[in-house]
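Along the sequence shown, residues carry numbers from 1. Computation of the quantities below employed the complete heavy-atom set of this structure, encompassing side-chain atoms and omitting hydrogens, waters and symmetry-equivalent molecules. What you are looking at is a predicted structure, and each value in this text was computed from that prediction instead of being measured.
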Amino acid sequence: MKKMIVSSMVLMFAFAGGVHAAGDAEAGKTKAAACAGCHGMDGNSLVPTFPKMAGQGEKYIAKQLNDFKANTARKNDIMLGMAAALSEQDMADIGAFYAAQKLAGPAPADESKLALGKQIYKGGNLTEGTPACQACHGPKGAGVAGSGYPQVGGQYVDYTLAQLKAFRDGTRMNDDKMLMRSIMKDMTDEQLEAVANYIATLQ
């Protein structure tokens, strides 16, 4: 229990980053037009492998774009091409635009996996010392925009599961202080699938 409390407290502060450029949502609308093919005009993707961006925190989006552009801790060939020419202001503007949009949710989910997913999301795993997901992402998956904790609620199962597995196998490494990787490393496919499905139902 003590391990879980300490882990949760660390998680609450881990993504608090430095000052970033303030975004302009109106300017971001124009700049985000190129993103619509995958993420939808308003940030609500219609394809389960492409994440919904609507309602996502500005700070989080800007960080991810920076990371894709750096092409080290988070790699994706498509996103590298999209982010390569963006300035920090462009990234902040795009983040501000998506942050101002309304998330369409919930996403489809497998009801047979929800009980286990809820248990882990809400209460973690005492045996393995896994902290509850809601410690950082909130009871409804809304995240904490100002601290850079991402919104996860209502996200597609396919996308969320792919990211959880990427943290677990170390192919995604842009989590501060390896927090997501350390949490995911002992989780089974069954547990990850359950969490991804439960997250999809949150709104």
Side-chain angles (χ1 to χ4, degrees), residues 15 17 20-71 74-110 114 117 121 133-134 136-164 166-167 172 174-175 180 195-203:
F15 293 101
H20 73 290
D24 180 328
E26 193 59 34
K29 181 177 181 179
T30 301
K31 296 173 182 179
C35 311
C38 293
H39 299 291
M41 291 297 294
D42 62 350
N44 282 294
S45 166
L46 298 177
V47 181
T49 53
F50 297 141
K52 298 178 185 180
M53 306 299 292
Q56 187 59 269
E58 174 187 330
K59 184 175 183 178
Y60 179 78
I61 290 176
K63 180 187 186 303
Q64 301 312 303
L65 290 172
N66 260 304
D67 289 346
F68 281 127
K69 183 175 181 177
N71 196 37
R74 189 173 188 188
K75 297 183 179 183
N76 181 287
D77 290 341
I78 294 174
M79 286 305 301
L80 171 61
M82 298 299 292
L86 297 178
S87 67
E88 288 192 11
Q89 187 63 57
D90 292 334
M91 295 176 190
D93 292 345
I94 291 170
F97 168 70
Y98 283 131
Q101 306 309 301
K102 183 175 176 59
L103 176 69
D110 182 343
L114 299 185
Y121 188 91
C133 307
Q134 69 175 3
C136 292
H137 301 289
K140 295 185 177 180
V144 182
S147 297
Y149 294 100
Q151 168 184 277
V152 295
Q155 189 59 265
Y156 289 118
V157 173
D158 289 4
Y159 177 76
T160 299
L161 182 57
Q163 299 312 303
L164 294 178
F167 279 125
R172 179 173 173 180
N174 70 332
D175 51 329
M180 285 297 293
V195 169
N197 276 274
Y198 180 69
I199 281 173
T201 69
L202 297 175
Q203 61 179 328

Under 3.5 Å donor-acceptor, [X] side chain and [Y] backbone:
| X | Y | result |
| --- | --- | --- |
| K52 | L103 | no |
| S45 | C38 | yes |
| Q134 | Y121 | no |
| E88 | N66 | no |
| H137 | Y149 | no |
| N44 | K102 | yes |

On a heavy-atom basis, which atom in [X] and which in [Y] lie closest, and how many Å separate them?
| X | Y | answer |
| --- | --- | --- |
| A99 | G57 | CB-C, 4.5 Å |
| M53 | Y98 | O-CB, 3.6 Å |
| F97 | G28 | CB-C, 3.6 Å |
| L46 | P48 | O-CD, 3.9 Å |

How long is the straight-line distance from [atom2] of [Y] back to [atom1] of [X], given to the nearest 0.5 Å?
| X | Y | atom1 | atom2 | value |
| --- | --- | --- | --- | --- |
| H39 | M82 | NE2 | CE | 7.5 Å |
| M79 | F68 | CE | CZ | 5.0 Å |
| D24 | E58 | CG | CD | 9.5 Å |
| Q163 | L161 | CD | CG | 9.5 Å |
| M41 | Q101 | CE | CD | 10.0 Å |

Check your understanding: Just one of I61, L65, D67 clears the side-chain contact (heavy atoms from CB on, under 4.5 Å) bar with K63, so which one?
Key ->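 That would be D67.
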Pairs under 3.5 angstrom only: tabulate donor-acceptor contacts from the side chains of residues 195-203 to other protein residues two or more places apart or in another chain.
from, atom 1, to, atom 2, distance (Å)
N197, OD1, D110, N, 2.7
N197, ND2, E193, O, 2.7
T201, OG1, Y198, O, 2.6

**Study point:** Partners passing side-chain hydrogen bond (donor to acceptor under 3.5 Å, both in side chains) against D93 (at least two apart in sequence or in another chain)
**Key:** K31, Q89
Check your understanding: Side chains of R172 and N174: is there a donor and an acceptor less than 3.5 Å apart?
Key -> yes
Review point. Any side-chain heavy-atom pair from K69 and M91 closer than 4.5 angstrom?
Key: yes
